Amino acid sequence: RLASYDLAVLGGGISGLGAAEAALRKGLSVILLEKGQVCKATSDNSLRIIHGGFRYLQSLNMKRVLQSVSAQRELLDRFPEYITELPCVMPLKGFSLKGPLAASVALTLYRLLSSSAGKRVREQGLRSHSWVREVLPFLEELAPKGVLLWSDAQLHAPEAFSHKLVALLKEGGAHVVENAAVTKIDHKKEGFQVAVTIEGHNEQIEARSVVNTLGPWIRSIEHSCALGFPELAWCKGFNLVLGRKLEDRYGVGIQSQDGRLLFMTPRKDVSVIGTWYIPIEDPTQSHEISDQELDWALTMFNNSIPNFELTRDDIRYTEVGVLPMQSVGKTGPVLYGSELYLHHSAYLEVVSTKYTTFQSQGEKAVQLIERYLQRS
């Protein structure tokens, strides 16, 4: 029988690590239970962009911009050995919201918001067609009006980064248990009893509160009471990891013919392209990418940037993750624009997550359950 804790965090993805760290800062005793290995599954299969919120300017979501730029700045300052700046470009489009005039206004606004959040703005501005011809010749025909240049950030070595986060949790006194599958939660008047199988042995732990960040497996646990939470819809997201590098320095954003945003990023000796999303029925199953889906993705990319003429032989492997979706729109799954929290007293589910804001997201989760802990 394991000890009692103030908080049991279910799931060792980036969301679970963020919640556990936030709880430690509040002085809570914490156990984190991960059914496999920490930061695998979806957390290990992202495009690895640490967004600074620039894209949210298009929808004028200033709150989200500030949250993202603050989170990005904190991660760059706190973990410079794992997260570094990445200059990004996107072709300008006539007089639309992606045109030169709108882009200039957006850059000015972003600079002001970044300064208020303490971020040092480095590479940013509009670059001419002649600059594109010299620096990024494969975009020359796609960017007659030039490109928008801004500075984002990129995560390197996600496995080493997750190990660093786990080490920090352990240093802070958290109990991190891998290969620990939670099977049932009994809701008690004074808290919770969590049934868990650890390397084949059945154990029970007691916790005053529970934060569930299990992602696709979030509803796989039996509960002793009805929660009344809504049904969730899911999609698989995948990236193509190529066997060669198409561009060495810049991340490149391109809008496909059907309106999807495709992003190409450099990673060591390869390029990665993503992300495509496809609705799925059962999120807990293993989700491979079919030949038909690969051909669809390649066709979309080749139609967007025809210079490279990629084939299946160019693909080294695919990265696949499972994400909650809000609905299905004209261009496919519509993801949640912000985090989604569902709670029943001191039990809370973190449904939709953002890698960039995992720290503030963890703080919000702990804040939501703190009110219940204070009553007990």
Side-chain angles (χ1 to χ4, degrees), residues 46-58 65 68-93 97-100 102-115 117-158 161 239-242 244-255 261-275 301 304-305 307-308 354-356:
S46 73
L47 203 54
R48 304 184 189 178
I49 297 295
I50 305 298
H51 292 286
F54 187 80
R55 60 179 177 171
Y56 299 119
L57 281 176
Q58 187 171 347
V65 174
S68 298
V69 74
S70 296
Q72 185 195 68
R73 177 197 56 78
E74 183 177 355
L75 289 172
L76 282 167
D77 290 344
R78 188 180 177 194
F79 301 106
E81 67 272 39
Y82 303 108
I83 299 171
T84 59
E85 294 194 16
L86 175 70
C88 299
V89 299
M90 182 178 295
L92 296 168
K93 301 288 184 181
L97 289 175
K98 293 183 175 65
S104 295
V105 173
L107 286 170
T108 300
L109 182 57
Y110 187 67
R111 186 179 293 111
L112 292 172
L113 293 171
S114 298
S115 298
K119 179 185 176 182
R120 301 178 301 276
V121 178
R122 298 187 186 279
E123 288 196 78
Q124 181 173 290
L126 306 185
R127 296 295 184 266
S128 67
H129 181 251
S130 59
W131 182 91
V132 175
R133 184 189 307 117
E134 179 179 351
V135 179
L136 299 168
F138 63 89
L139 285 179
E140 182 179 358
E141 295 182 7
L142 299 175
K145 301 289 185 180
V147 295
L148 166 65
L149 170 65
W150 77 97
S151 181
D152 242 320
Q154 185 176 33
L155 169 66
H156 305 281
F161 180 56
N239 306 316
L240 306 181
V241 180
L242 307 182
R244 59 191 173 106
K245 184 173 283 188
L246 304 182
E247 161 52 33
D248 185 64
R249 182 184 176 194
Y250 293 91
V252 179
I254 291 290
Q255 190 169 22
L261 178 63
L262 301 179
F263 220 78
M264 180 175 75
T265 63
R267 187 188 298 175
K268 293 184 179 179
D269 60 339
V270 304
S271 285
V272 185
I273 308 167
T275 301
F301 179 79
S304 302
I305 306 183
N307 308 64
F308 298 116
K354 301 292 181 183
Y355 208 114
T356 301

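All values reported here derive from a predicted model rather than from experimental measurement.
Atoms CG and CG, from D269 and L242 in turn, are 11.0 Å apart once rounded to the nearest 0.5 Å. Note that CD1 of I305 is 8.0 Å distant from CG of L246, once rounded to the nearest 0.5 Å. Between R249 atom CZ and C88 atom SG the span is 11.0 Å, to the nearest 0.5 Å. A distance of 12.0 Å separates CG in L142 from CD in Q255, rounded to the nearest 0.5 Å.
Only one option out of N239, L261, L240 pairs with T275 in a side chain to side chain contact (heavy atoms under 4.5 Å, CB included); it is N239.
E85 places no side-chain N or O within 3.5 Å of a backbone atom of L76 that could act as its donor or acceptor partner. With hydrogens and angles disregarded, a donor-acceptor distance shorter than 3.5 Å links the side chain of Q72 to the backbone of I50. A donor-acceptor contact shorter than 3.5 Å is absent between the side chain of E247 and the backbone of L136. For the pair S304 (side chain) and I254 (backbone), a donor-acceptor distance under 3.5 Å is absent. Looking at D152, its side chain does come within 3.5 Å of a backbone N or O of G52 through a donor-acceptor pair. Without hydrogens or angle criteria, T356 side chain to H51 main chain gives a donor-acceptor distance under 3.5 Å.
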I'd like to know whether H129 forms a side chain to side chain contact (heavy atoms under 4.5 Å, CB included) with E140, so could you lay out the CA-CA distance, the side-chain angles of the two residues, the decisive distance to 0.1 Å, and finally the verdict.
CA-CA 7 Å; H129 181 251; E140 182 179 358; 3.3 Å; yes

Side chain to side chain contact (heavy atoms under 4.5 Å, CB included), that's the test. Do L126 and L148 meet it? Break it down for me.
CA-CA 5 Å; L126 306 185; L148 166 65; 4.0 Å; yes

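Between F161 and F79, the ring planes are perpendicular. Angles over 60° get that label, and only those under 30° would be called parallel. Using cut-offs of 30° and 60° on the angle between ring planes, the pair F138 and F308 is tilted.
The side-chain heavy atoms of L149 and Y250, taken from C-beta on, include a pair separated by under 4.5 Å. P266 has its side chain within reach of L86: a pair of non-hydrogen atoms, C-beta onward, lies under 4.5 Å apart. Between R48 and T265 there is no side-chain heavy-atom pair separated by less than 4.5 Å. Annotation: side chain of L155 is in contact with side chain of Y355 (closest heavy-atom distance under 4.5 Å).
Here the shortest heavy-atom pairing between L47 and F263 reads CD2-CB, 3.8 Å. V147 and A143 get closest at one heavy-atom pair: CG1-CB, 3.8 Å. When all heavy atoms of I83 and A153 are compared, the closest pair comes out as CG2-CB, 4.0 Å. For the residue pair G253 and P91, the shortest heavy atom distance occurs at O-CD, 3.3 Å. For the pair S271 and M264, the tightest heavy-atom approach, listed with the atom from each and the gap, is CB-CG, 4.5 Å. Closest non-hydrogen pair, L92 versus K145, comes out as CD1-O, 3.4 Å.
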